[in-house]
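Proteins come first, then strands; the chains are lettered A, B, ... in the order of their sequence lines, and each starts at number 1. What you see below is based on every heavy atom in this structure, not just the backbone, and it leaves out hydrogens, waters and symmetry mates.
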There are 2 protein chains.
Amino acid sequence: MKNNIRVVIIEDDHIIRSGYEFLINAVEGYSVIGTYWSYENAVKEIFSDHPDVILLDIELPGANGIEVIPKLKKLVPHSHILILTVYESENLIFSALANGASGYLTKNTSSAKIIEAIKEVVEGGGPMSVNIAKLVIKSFQKNQDSPLSKRETQIIELIRNGKSRSQIARDLFIDLETVRSHIKNIYIKLDVNSRADAIKAATDNRLI
Amino acid sequence: MKNNIRVVIIEDDHIIRSGYEFLINAVEGYSVIGTYWSYENAVKEIFSDHPDVILLDIELPGANGIEVIPKLKKLVPHSHILILTVYESENLIFSALANGASGYLTKNTSSAKIIEAIKEVVEGGGPMSVNIAKLVIKSFQKNQDSPLSKRETQIIELIRNGKSRSQIARDLFIDLETVRSHIKNIYIKLDVNSRADAIKAATDNRLI
DNA sequence: AAAAAAATCACCCGTAAAGGGTGATGTGAT
DNA sequence: ATCACATCACCCTTTACGGGTGATTTTTTT
């Protein structure tokens with residue numbers, strides 16, 4: 001267990017920034033060792049901070065917050081990045097996680113929860129606010145009443161994996177012509193006429 | 001806020017089953033109104049239970065737990081299914097979520113946390129044990145040192161979406177031959193020679 | 001028991017796409 | 001000055017794709 005957790009805050013709003021700073025410094029074993037109001041400043045100086053955790057406002061004006069994540073990761077690879085945001089946009093969250101963020105907190109998160117999140121992330125867990133967890137779970141859930149049959153679903157998944165008709169036929173031990181029939185039926189049901197459109201329709205409707 | 005939460009337990013181990021039953025019944029506002037030791041029994045009788053939450057052991061002998069989830073969902077669509085498991089297999093978890101489970105708890109979860117999870121799921125949140133959250137976050141994180149360039153990554157993503165060379169060329173406003181060059185380079189870097197293999201390699205290594 | 005949906009296979013057709021090889025050019029970072 | 005990147009060019013052959021129109025059999029639903 002670490003006895004002094006070094007936190008950096010990147011956030012343009014002065015009120016929020018000093019609020020978090022005060023809050024975190026008030027807790028035994030946690031210190032804010034740097035605050036920044038822009039990505040440029042942060043990227044320039046964060047290396048010397050050796051932070052354990054970075055609280056990162058993802059919606060700073062005039063810059064793409066997502067793209068900052070890999071840059072920070074490169075500068076201080078062992079730091080954990082916790083995203084702060086007011087929005088709970090699905091895409092934003094998933095992009096942030098994909099780009100190296102360790103967790104995600106909305107700005108209405110209570111102070112106790114923020115400390116808890118910092119602690120969890122330092123100790124190797126993955127903090128997620130309940131709303132985010134809900135989003136993530138939802139993103140995993142398939143549409144329960146898909147228009148596609150089992151076989152058709154299986155086949156569109158193989159199509160998504162880039163397989164050709166003949167590869168699919170081999171994989172499923174069925175005839176090439178049978179695969180064609182299934183694909184034709186999938187196209188009719190999804191009202192498309194190409195693999196790309198079928199993948200898009202199936203993905204958009206969470207059929208796969 | 002519901003004042004009596006109806007819980008059903010599906011679990012073959014008698015000790016664990018009655019343990020949970022006792023535990024949940026002891027809490028004000030929570031009642032276990034059915035326990036089953038096999039999927040068959042559960043599927044036959046669960047309709048009349050009108051459960052709010054189903055605790056489902058996913059690893060019952062001699063049956064595929066994942067496939068039971070959609071069946072239960074069909075019988076009692078408004079119930080939330082919480083998976084209980086000893087393993088934290090990534091695939092198992094994601095399949096369960098994809099098939100309609102609302103959350104996932106490992107069997108070492110404390111009794112207080114189980115009650116909390118039931119409460120959260122009934123109130124519309126998504127419960128996740130810390131370990132699961134970690135797994136999920138990890139599943140979102142791309143490989144930070146991909147061998148592929150930005151352009152190449154962009155292109156393999158379009159390939160995964162089923163787009164043809166010419167569609168990619170149109171999407172990116174570049175020449176068809178340029179797309180070909182990129183794809184060739186991707187194939188070389190990933191040591192493959194087909195779209196399907198490239199998608200597989202890229203997915204396995206979290207490049208996309 | 002009857003009807004509907006799903007899964008299987010067949011053969012017609014033409015166009016489009018895929019993959020291998022080899023090479024060139026400009027740019028931007030180190 | 002070198003290297004990775006991004007761009008475009010033309011050679012070639014083989015495979016895949018999508019539309020149309022059918023049939024048979026099994027499974028599921030009513």
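- When each of Ile81(A), Leu75(A), Asn99(A) is paired with Pro70(A), the side-chain contact (heavy atoms from CB on, under 4.5 Å) condition holds for Asn99(A) and for no other.
- For the pair Ile183(B) CD1 and dG21(C) P, the computed distance is 16 Å after rounding to whole Å.
- Axis orientation changes by 80° from one end of the helix from dA1(C)-dT30(D) to dT30(C)-dA1(D) to the other, with each end axis drawn from 5 pairs and the value rounded to 10°.
- Rounded to whole angstrom, the span from the CD1 atom of Ile186(A) across to the C1' atom of dA6(C) amounts to 12 Å.
- Under the salt bridge (Lys or Arg N to Asp or Glu O under 4.0 Å) criterion, Glu152(A) pairs with Lys189(A), not counting sequence neighbours.
- A heavy atom lying under 4.0 Å from DNA chain C marks the following residues of residues 187-208 of chain B, by number: Tyr187(B), Asn193(B), Ser194(B), Arg195(B).
- Applying the ring pair (Phe, Tyr, Trp, His ring centres under 6.0 Å) test to every pair with at least one member in residues 153-186 of chain B, sequence neighbours left out, gives no pairs at all.
- Residues meeting the side-chain hydrogen bond (donor to acceptor under 3.5 Å, both in side chains) test with Asp49(B), sequence neighbours left out: Tyr36(B).
- Of the possible donor and acceptor atoms, none in the side chain of Thr178(B) sits under 3.5 Å from a partner among the backbone N and O of Ile174(B).
- As rounded to whole Å, 13 Å separates atom P of dA17(C) from atom CZ of Arg180(B).
- Every residue two or more places apart in sequence or in another chain was checked for a salt bridge (Lys or Arg N to Asp or Glu O under 4.0 Å) with Lys73(A), and none qualifies.
- Within 3.5 Å, a donor on the side chain of Lys184(B) pairs with an acceptor on the base of dG21(C), or the reverse.
- Listed by first then second residue, pairs satisfying ring pair (Phe, Tyr, Trp, His ring centres under 6.0 Å) with a partner in residues 37-71 of chain A read Phe47(A)-His50(A), not counting sequence neighbours.
- Between the side chains of Ser146(A) and Asn143(A), not a single donor N or O lies within less than 3.5 Å of an accepting N or O.
- Per the geometry, CG belonging to Asn185(A) stands 14 Å off P belonging to dC9(C), to the nearest Å.
- Remark: Lys200(B) engages Asp204(B) in a side-chain hydrogen bond (donor to acceptor under 3.5 Å, both in side chains) (not counting sequence neighbours).
- Rounded to a whole Å, the CD atom of Gln154(A) is 14 Å from the C1' atom of dT8(C).
- Counting only N and O atoms by type, the side chains of Asn4(B) and Ser31(B) include a donor and acceptor under 3.5 Å apart.
- As rounded to whole Å, 9 Å separates atom C1' of dA7(C) from atom CD1 of Ile155(A).
- Under the salt bridge (Lys or Arg N to Asp or Glu O under 4.0 Å) criterion, Arg206(A) pairs with Glu90(A), not counting sequence neighbours.
- Phosphate proximity of dC9(C) to Thr178(A): present, with a side-chain N or O under 4.0 Å from OP1 or OP2.
- Heavy-atom distances to DNA chain D give each of Val179(B) and Pro147(B) a nearest nucleotide, and the one nearer the 5′ end belongs to Pro147(B).
- Extent of DNA chain D lying under 4.0 Å from chain B heavy atoms, first and last nucleotide in 5' to 3' order, is dC5(D) to dC11(D).
- Among residue pairs with one or both ends in residues 8-21 of chain B, those qualifying as salt bridge (charged side-chain N to carboxylate O under 4.0 Å, His left out) are Glu11(B)-Lys107(B); sequence neighbours excluded.
- The closest donor-acceptor contact from the side chain of Ser79(A) to the backbone of Pro51(A) lies under 3.5 Å.
- For the residue pair Gln154(B) / Arg151(B), a side-chain donor-acceptor distance below 3.5 Å is found, with atom types taken as modelled.
- Of the residues in residues 157-173 of chain A, Ser164(A), Arg165(A), Ser166(A) come within less than 4.0 Å of DNA chain D through at least one heavy atom, sorted by number.
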